**Student:** 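There's a structure below that I have some questions on.
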Amino acid sequence: MKVPPERLPLAAEFPAAHREQWQQLVEGVLRKSGAQPEDGAAAEQALTTALPDGLRARPLYTAENTSAEPGYPGFPPFVRGGRPQGSAVSGWDVRQRHADPDRRRTNEAVLADLENGVGSLWLELGGTGLPIADLPEALSGVYLDLAAVALDAGAEFTEAAEQLFKLYEEREVSPGSAAGNLGADPLGLQARTGDADRTDALLAGATALAARCAADYPNVRALTVDALPYHEAGASPAQELGCALATGVAYLRALTAAGLSVDAALGQLEFRLAADADQFLTIAKFRAARRLWARVAEVSGASAEASAQRQHAVTSRVMMTARDPWVNMLRTTVACLAAGVGGADAVTVLPFDSALGLPDAFARRIARNTQSILLEESHLSRVIDPAGGSWYVEQLGEELAQAAWAWFQEIERAGGQQAALRSGLVGERITATWAERSGKLAKRREPVTGVSEFPHLDEQPLIREPAPESPSGGLPRVRRAEAYEALRDRSDAFLAATGERPKLFLASIGSAAAHTARTTFAANLFQAGGIATVSAEGLDPSAFASALTDSGATVACLCSSDALYGEHAAAVAGALKEAGAQRVLLAGRLGEVPAGVDEFVYAGGDAIAVLTSLLDQITGASGADEDEVAR
């Protein structure tokens, strides 16, 4: 029997909820925790998280936070995807990167990838990488009418393109079946190398290739707008998008000036963006990128069909670690998920050992299987625009687009991307951004699991063959873990020279209940710098002094509760100093420094500075020659 709607009141029986009510509840909880917000609005503000580019993640989003109209999937402004069907029909393109200079090994890896789920190939050629002349053998057995090929040959992109065109002809691949990207990116190369003298000539060569592709190879794009040089130098998401937008506009001007129509010029560009483990910011970035490019296409007079941005997502090198590299599998999984949800057309997952050199077969397998599982088992691509309707993601994407547009306009006022690179505007701004982020990393406000948090000093290092040298001379390449890994390298060198690691004694005062939290914090902190810890617990200062002597350590740290510090810190510190401790630290922050204690170590302190000074002192106190240790 059908029940009339009026008999099913459901939520109608409950009073409407208002934001002010929620704020009052938050205020009450915060007051119980010791915070004293002025009112409900201040309580909500206290739960707001600061993001790069001046953005903020609020604790609550409602329909009031609805951003500008996102449109429909496949229609301008393409926030919700470049195709109406999204990735629901065939998934996104699984694109594997290959940089091995050995043509036979590259061919074996390429065939293994294509047999196991990869849809397209990204090949690094020229320089110290795979010789361009070896491209035919590297692609032996590859059906070029089925597998798209993206080339990355730096300044040699014309030679690489000619080699690929020759392969198409020799293997009788019809022009309409050939697909991929020739990888011409003169401005990206300028960013990598700092060489601005060749940019105009390279840009002329790129436009010639674009004209040829537009005329003869409708599914091959000539130019890549590679934003990775900016991301890998430490750029924020808005800076990465703004630089990509300015580069795309520069290429669009060059192509149309060479005689291509606006629609044809747009069809020659593919954008390469980084995806990292901040999943919501990554999702928002890819959505924002399409909105920004759709606006450029609109004011350029392009048709709606040609205005969708073609996106290639690459998991971030900045987030990858050389220490405890297994955790990179988690990072790349989240980044891949975010790129797919964000609507990327092609996704490359870097192997977990990519920070160590050339990946092995197992690492490549894990990289491609990460995508296969998300596509075939998690069915992530079967939902068109999974993030659609999320007030948080849509608002974040809109705010990010506004910030990126402002940076793009600044670049344009400076004369465009080429001039902004030459003048140092781009480099200076990115350097300032990375310096700010480095401060957060140093203070462990941005933790790096396995490196700055939960390090494993006894991990067995993975050894990989060195990767080909990347272009240098322009923007730097940075990684989040590099400062901590440099300290760990010092520790390894000291171990090799002396037979033991730098060590520090932990004096855990009182019972386990009193000291465990700070003992754990201190051990985690010191081991992040490669300093092994030896601990003892109790209340007897003489026992701690004896344990220090037995350990052979010359630096100590007190760990306990504030109450026990007041009763025992001075006595224990004095005993440790008398037993030979050259420096005594205390885990935590007190109103006054107890007698015998030299400094505090605490959450939010500059861990890099503390660890560096400790290594300097410990290795110097050992009597080992620093030059010998370095060797």
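Computed from a prediction, not measured in an experiment: that's the story for all the values here.
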**Student:** Among side-chain atoms of Thr332 and Thr315, is any donor-acceptor pair under 3.5 angstrom?
**Tutor:**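 No.
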
**Student:** Salt-bridged, Arg444 to Asp606, with N to O below 4.0 Å?
**Tutor:**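 Looking at Asp606 together with Arg444, the answer is no, because their closest N to O distance does not fall below 4.0 Å.
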
**Student:** Of all residues at least two apart in sequence or in a different chain, which pass the salt bridge (charged side-chain N to carboxylate O under 4.0 Å, His left out) check with Asp113?
**Tutor:** Arg368

**Student:** Between Tyr392 and Tyr61, what is the ring plane arrangement, given parallel below 30°, perpendicular above 60°, and tilted in between?
**Tutor:** tilted

**Student:** Check for a donor-acceptor pair, side chain of Tyr565 on one end and backbone N or O of Leu558 on the other, with a separation under 3.5 Å.
**Tutor:**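 Confirmed, Tyr565 side chain pairs with Leu558 backbone.
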
**Student:** Measure from the side-chain N and O atoms of Asp102 to the backbone N and O of Arg105, and report whether any donor-acceptor pair falls under 3.5 Å.
**Tutor:** yes

**Student:** Do Gln239 and Arg429 have a side chain donor and acceptor closer than 3.5 Å?
**Tutor:** no

**Student:** Give the C-alpha distance, both sets of side-chain angles, the deciding distance and a yes or no for side-chain contact (heavy atoms from CB on, under 4.5 Å) between Met320 and Ser354.
**Tutor:** CA-CA 8 Å; Met320 302 293 271; Ser354 59; 3.4 Å; yes

**Student:** Considering non-hydrogen atoms only, spot the tightest contact between Glu27 and Glu38 and give its length.
**Tutor:** OE2-O, 4.2 Å

**Student:** Please say whether more than 12 non-hydrogen atoms of neighbouring residues, nucleotides or ligands are located less than 6.0 Å from NZ in Lys503.
**Tutor:** yes

**Student:** Main chain of Gly427, side chain of Tyr230: is a donor-acceptor contact present, judged purely on distance under 3.5 Å?
**Tutor:**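 Here the side-chain-to-backbone pair does not exist.
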
**Student:** Does the cation-pi check pass for Arg272 over Trp122, that is, NZ or CZ under 6.0 Å from the six-membered ring centre and within 45° of its axis?
**Tutor:** yes

**Student:** Tell me yes or no: between the side chains of His231 and Ser316, is some donor less than 3.5 Å from an acceptor?
**Tutor:**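 Short answer, yes.
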
**Student:** Assess Arg589 against Phe600: is NZ or CZ under 6.0 Å from the centre of the six-membered ring, and within 45 degrees of the ring's axis?
**Tutor:**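 Cation-pi check for Arg589 and Phe600: fails.
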
**Student:** Verify the distance criterion only: is there a donor paired with an acceptor across the side chains of Glu20 and Gln24 at less than 3.5 Å?
**Tutor:** no

**Student:** Could you check whether Glu232 pairs with Arg477 (Lys NZ or Arg NE/NH1/NH2 to Asp/Glu carboxylate O, under 4.0 Å)?
**Tutor:** yes

**Student:** Regarding Arg323 and Glu485, does a basic nitrogen lie under 4.0 Å from an acidic carboxylate oxygen?
**Tutor:**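 Result for this pair is no, no salt bridge flagged.
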
**Student:** Before accepting this row, confirm whether a basic side-chain N of the pair Arg58/Glu44 lies closer than 4.0 Å to the acidic partner's carboxylate O.
**Tutor:** no

**Student:** In plain terms, say whether Asp616 and Arg490 are close enough for a salt bridge, that is, a side-chain N and a carboxylate O under 4.0 Å apart.
**Tutor:** yes

**Student:** Using a strict cut-off of less than 4.0 Å between a Lys/Arg side-chain nitrogen and an Asp/Glu carboxylate oxygen, indicate whether Asp100 and Arg364 qualify as a salt bridge.
**Tutor:** no

**Student:** Considering only NZ, NE, NH1 and NH2 on the basic side and carboxylate oxygens on the acidic side, decide whether Glu599 and Arg583 come within less than 4.0 Å.
**Tutor:**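 Salt bridge: yes.
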
